[in-house]
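Scroll down for the structure; my scribbles are underneath it.
Below, chain A is the first sequence line, B the second, and so on; all start at residue 1. Source: prediction; values computed, not measured.
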There are 2 protein chains.
Amino acid sequence: MNQGAGKGANVSGLPVSRRLQQKEAKRAALVDAALKVFSRVGFAAAKMDDVAEEAGVSKGTVYLYFDSKERLFEAMVRDKMAPALDEAVESFTVSDSSATERLRQHLRSLYARMLDGDRRQIMRLIMAEGPNFPHLAAFYHQRILSHGQGLIRSIISQGVASGEFRKMEGHGLARNIAAGAIVAAIWKLVFDHLQPIELDSYLETHVDLVLNGLRA
Amino acid sequence: MNQGAGKGANVSGLPVSRRLQQKEAKRAALVDAALKVFSRVGFAAAKMDDVAEEAGVSKGTVYLYFDSKERLFEAMVRDKMAPALDEAVESFTVSDSSATERLRQHLRSLYARMLDGDRRQIMRLIMAEGPNFPHLAAFYHQRILSHGQGLIRSIISQGVASGEFRKMEGHGLARNIAAGAIVAAIWKLVFDHLQPIELDSYLETHVDLVLNGLRA
DNA sequence: AAAAAATGACTGACCAGTCAGTTATTTCTT
DNA sequence: AAGAAATAACTGACTGGTCAGTCATTTTTT
């Protein structure tokens with residue numbers, strides 16, 4: 001009767017011990033706490049004690065879940081970024097709209113996703129600490145940036161095929177189109193108190209500029 | 001005969017002691033060393049010993065020139081950013097070219113200035129450490145970003161007046177136009193090894209997109 | 001009662017900042 | 001001009017505090 005069968009069985013019939021659920025919940029709490037602390041002060045200045053306190057546990061407990069500060073940082077980035085990929089793909093269900101309309105929609109959803117509080121903090125952390133965490137930079141590039149460029153490129157291809165957009169030859173068109181959103185996200189974290197970004201208006205300017213720039 | 005006249009006098013006739021010259025040179029060397037070390041590892045992880053070694057002096061000497069690690073960091077940002085302002089203004093001598101041509105030129109010069117090795121490192125540091133150094137973020141915003149937006153806006157006004165550009169209403173047009181360059185600078189530092197930016201081509205794409213986007 | 005989870009005092013490495021002492025440069029004296 | 005005295009620049013061992021990571025003990029769960 002070990003393995004907690006009985007009250008440990010969940011709807012799917014698989015035995016999931018109360019222990020494991022709690023462990024998972026605590027791990028998530030620690031990741032949340034880590035995000036807060038790392039966002040506030042950066043990797044090097046963050047204290048494991050503060051992460052522990054933020055999560056309502058003692059420092060020793062943090063080390064039951066993560067081997068080291070670096071591992072905690074990495075786990076945080078991975079955990080918090082995983083949903084972004086799913087969202088991007090989900091929001092991208094191929095529709096039969098025009099490329100113009102799809103690009104407009106895509107940029108709106110990009111802003112919504114990037115300007116999410118957690119996400120832009122992580123983006124800033126990647127830029128700040130990326131050179132010290134090469135595999136995290138690679139992970140972020142592969143899972144988010146590379147994928148995101150692919151989506152934009154596919155819309156552009158459609159638009160070129162349909163005659164809505166002109167064919168542009170140079171490199172980096174997708175990055176160029178996404179740049180406005182990236183800058184908005186960072187700006188909001190670093191300079192917003194000095195010169196606020198009015199996001200809706202900024203977004204519309206961006207969409208307007210890009211769509212006109214691409215028009216055939 | 002005090003004040004070191006004679007061999008202490010320089011071409012302008014003003015007495016400049018050997019001491020002061022050397023002191024100024026050493027200060028500059030320390031700022032250079034600081035830039036290297038801070039760029040490599042960020043503010044918190046940088047060691048004053050490393051800065052000293054990089055400059056070829058002992059740690060104590062660093063403290064003869066700068067009161068603290070923070071002050072050194074601030075001095076570095078200020079010293080290294082001062083020339084950027086002058087350059088921007090210089091490169092902006094009002095010409096009688098069309099707004100289209102002026103914007104093209106301006107973007108090229110913006111890329112050239114931003115992608116300067118030192119400068120993009122500092123931009124990255126500001127983004128990474130800005131929230132912890134509010135007055136530095138303010139300094140950077142005022143001296144670089146705000147000013148830069150003004151230059152772009154003035155070209156756009158000319159273009160609207162001359163009928164080259166359409167009038168765009170939303171906020172943040174100047175930021176949007178500069179965004180491509182900002183992203184390029186950061187990309188080159190963090191992701192270039194994963195997906196290189198071919199700068200000339202990227203720049204031309206950007207110019208092309210923006211000019212078409214603005215066209216009346 | 002046994003096992004698992006959590007604790008927090010502790011250790012050892014690290015590093016910003018100091019300062020008593022050393023070296024280099026300039027000024028004064030003869 | 002040559003040495004003596006004064007001043008400025010520099011050094012690096014040291015201190016005090018901090019913090020990642022450990023582990024013997026306590027608490028909670030089963």
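Annotation: side chain of B/Tyr140 is not in contact with side chain of A/Leu194 (no heavy-atom distance under 4.5 Å).
Between its opening and closing five pairs, the helix from C/dA1-D/dT30 to C/dT30-D/dA1 changes axis direction by 10°, a value rounded to 10 degrees.
Distance alone, capped at 3.5 Å, places no donor-acceptor pair between the B/Arg119 side chain and the B/Met114 backbone. No donor-acceptor distance shorter than 3.5 angstrom exists from the side chain of B/Arg143 to the backbone of B/Ala82, with no hydrogens or angles considered. Side-chain atoms of A/Glu198 never come within 3.5 Å of backbone atoms of B/His171 as a donor-acceptor pair (strictly under, hydrogens ignored). Without hydrogens or angle criteria, B/Lys69 side chain to B/Ala46 main chain gives a donor-acceptor distance under 3.5 Å.
Atom CD1 in A/Ile177 sits 8.5 Å away from atom CG in A/Leu211 (nearest 0.5 Å).
Rounded to whole angstrom, the span from the CD atom of B/Gln22 across to the P atom of C/dT26 amounts to 7 Å. In this entry the distance linking CZ of B/Arg27 with P of D/dA8 reads 20 Å, nearest Å. The CZ atom of A/Arg71 sits 15 Å away from the C1' atom of D/dA20 (whole-angstrom rounding). The NZ atom of B/Lys23 sits 14 Å away from the C1' atom of C/dA24 (whole-angstrom rounding). Atom-to-atom, CZ of A/Phe66 to C1' of D/dA20 comes out at 16 Å; the value is rounded to the nearest Å. The distance between atom CZ of A/Phe73 and atom P of D/dA20, rounded to the nearest whole Å, is 14 Å.
With sequence neighbours excluded, no residue forms a ring-ring contact (aromatic ring centres under 6.0 Å, His included) with B/Tyr63.
In the model, A/Arg102 has no side-chain atom that pairs as donor or acceptor with a side-chain atom of A/Gln105 under 3.5 Å.
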field: Contact letters for nucleotides 8-18 of chain C, in which S counts primed atoms plus P, OP1 and OP2 and B counts the base, heavy atoms under 4.0 Å
entry: B------SBBB

